[in-house]
There are 2 protein chains.
Amino acid sequence: MARKQGSHSDITGPKVREAALRLIARHGYAAVSMRQLAAEVGVQAGALYNYTPDKQALLFDMMRDHLVDVIESFDRADPKTDAQSRLRAFVSFHIRYHLPRADAVFVAYMELRNLSPENFAAIEKLRRAYEDRLEAILRQGEAEGAFAMKDARITTRAIIGMLTGFFTWYRQEGRLPLEEVEAIYWDLVCKAVAR
Amino acid sequence: MARKQGSHSDITGPKVREAALRLIARHGYAAVSMRQLAAEVGVQAGALYNYTPDKQALLFDMMRDHLVDVIESFDRADPKTDAQSRLRAFVSFHIRYHLPRADAVFVAYMELRNLSPENFAAIEKLRRAYEDRLEAILRQGEAEGAFAMKDARITTRAIIGMLTGFFTWYRQEGRLPLEEVEAIYWDLVCKAVAR
DNA sequence: TTTTCAACTGAACAGATGTTCAGTTAGATG
DNA sequence: CATCTAACTGAACATCTGTTCAGTTGAAAA
């Protein structure tokens with residue numbers, strides 16, 4: 001019963017990616033078969049190959065698109081003024097951007113091992129580009145005399161780790177509203193890099 | 001050629017666990033087959049079932065043993081004096097304990113999705129028990145007037161996230177000696193919870 | 001109405017999967 | 001010496017894996 005009403009590719013295509021993101025976030029790349037994914041979408045396994053050359057490309061494309069969007073979105077959100085304002089914008093952006101994209105964040109973080117070497121290198125480059133945004137802000141703050149830290153690179157990693165760890169547990173923890181969590185994290189980051 | 005010299009179970013047993021930890025940390029639980037694991041150990045796949053009832057139990061036992069040891073080791077390292085000293089001991093312990101156990105940390109952190117529901121609950125309980133150690137220290141610090149923070153529970157998660165993120169990249173980054181990394185992290189944590 | 005073709009099916013491919021178990025081996029035991 | 005048995009092999013089980021492709025469908029174009 002192909003093509004019940006109109007062209008399907010612009011319906012099935014996004015469906016494949018949504019289902020893949022959801023299933024892989026829940027069970028892991030290696031644990032999700034193309035047949036499970038197809039069943040979730042509502043097609044046979046063979047039909048998936050109209051939307052991806054293979055399983056590996058499906059994973060890579062999702063991770064790359066996510067990271068590219070993170071970087072572009074932050075560059076738009078960045079006030080590009082003083083370091084204090086930029087750091088605040090970074091913390092706020094990071095939390096608010098990632099929260100409604102928990103599956104994509106989870107996949108981009110947990111499935112690095114399942115990328116081919118070339119794909120891994122490409123994703124690492126993007127990840128590094130995002131981290132470099134934060135590192136630049138910290139170094140600007142040092143130059144302005146607004147921040148003080150022992151090592152900007154490691155502090156960058158520490159802050160990213162702190163913020164990203166957030167998404168491994170916020171789902172279950174409905175205790176506090178987003179605004180409050182954001183304020184708590186801002187307080188921690190702000191004090192940690194203060195002079 | 002069974003049993004070439006002496007009893008093998010006390011040699012093969014640890015070998016199985018070491019190989020499983022290494023392979024699963026590198027490729028993921030679902031991506032490592034019992035045959036790959038057996039080849040790494042130097043036996044046939046069937047022989048593994050002398051050392052674990054099934055693949056799932058192998059994963060669970062490794063995670064449980066690791067977490068139990070983390071908790072017991074910290075309880076011995078805990079000076080149980082003032083909050084400032086205890087926090088410093090926690091940060092130092094966490095970094096120094098986890099560093100030479102990178103594979104175990106990685107598996108305990110990344111493979112939660114591959115645990116059966118009952119096993120997941122058991123592991124979560126242990127993870128929570130470790131986090132509770134840190135939370136207790138932070139609350140003691142608040143009571144003593146040594147620390148100030150908006151929310152002790154979330155600050156606990158943030159600090160753990162910050163410290164644990166460390167182990168996803170330290171391998172590659174031989175730039176700084178351990179003592180220095182420890183000092184950098186202590187500086188960040190100390191300032192973040194300061195009054 | 002006939003033709004076209006994007007979208008999909010369903011079967012097939014060769015090989016991998018976790019797990020079981022009857023049988024084999026060789027060091028330890030009496 | 002013979003016996004015992006922990007430790008292991010190797011084959012088998014049913015099922016699943018990613019991927020390919022000839023064939024089918026039905027809405028849209030001519």
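Chain A is the first sequence line, chain B the second, and so forth, proteins listed ahead of strands; every chain is numbered from 1.
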Rounding to a whole Å, what distance do you find between [X]:[atom1] and [N]:[atom2]?
X       : N      : atom1 : atom2 : value
A:Asp10 : D:dA27 : CG    : P     : 16 Å
A:Asn50 : C:dC5  : CG    : P     : 16 Å
A:Leu37 : D:dC16 : CG    : P     : 17 Å
B:Leu48 : D:dC8  : CG    : P     : 10 Å

OP1 or OP2 of C:dA7 under 4.0 Å from side-chain N/O of A:Thr12:
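A:Thr12 to C:dA7 OP1/OP2: no side-chain N or O under 4.0 Å.
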Are the aromatic ring centres of B:Phe74 and B:Tyr97 under 6.0 angstrom apart?
no
Verify whether the ring centers belonging to B:Tyr109 and B:His98 lie closer than 6.0 Å.
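Between B:His98 and B:Tyr109, which both carry aromatic rings, the centre distance is not below 6.0 Å.
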Less than 4.0 angstrom from a charged side-chain N to a carboxylate O is my criterion; do A:Glu131 and A:Arg128 meet it?
no
Is it true that B:Asp65 and B:Arg17 have a side-chain N and a carboxylate O under 4.0 angstrom from each other?
yes
If you round to the nearest 0.5 Å, how far is CH2 of A:Trp186 from NZ of B:Lys150?
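If I round to the nearest 0.5 Å, the distance is 12.0 Å.
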At under 4.0 Å between heavy atoms, how does the protein contact nucleotides 17-23 of chain D? Give one character per nucleotide, 5' to 3', with B, S or -.
BBBB---
So, using side chain to side chain donor-acceptor pair (under 3.5 Å) as the criterion, who are the partners of A:Asp78 when residues are at least two apart?
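A:Arg86.
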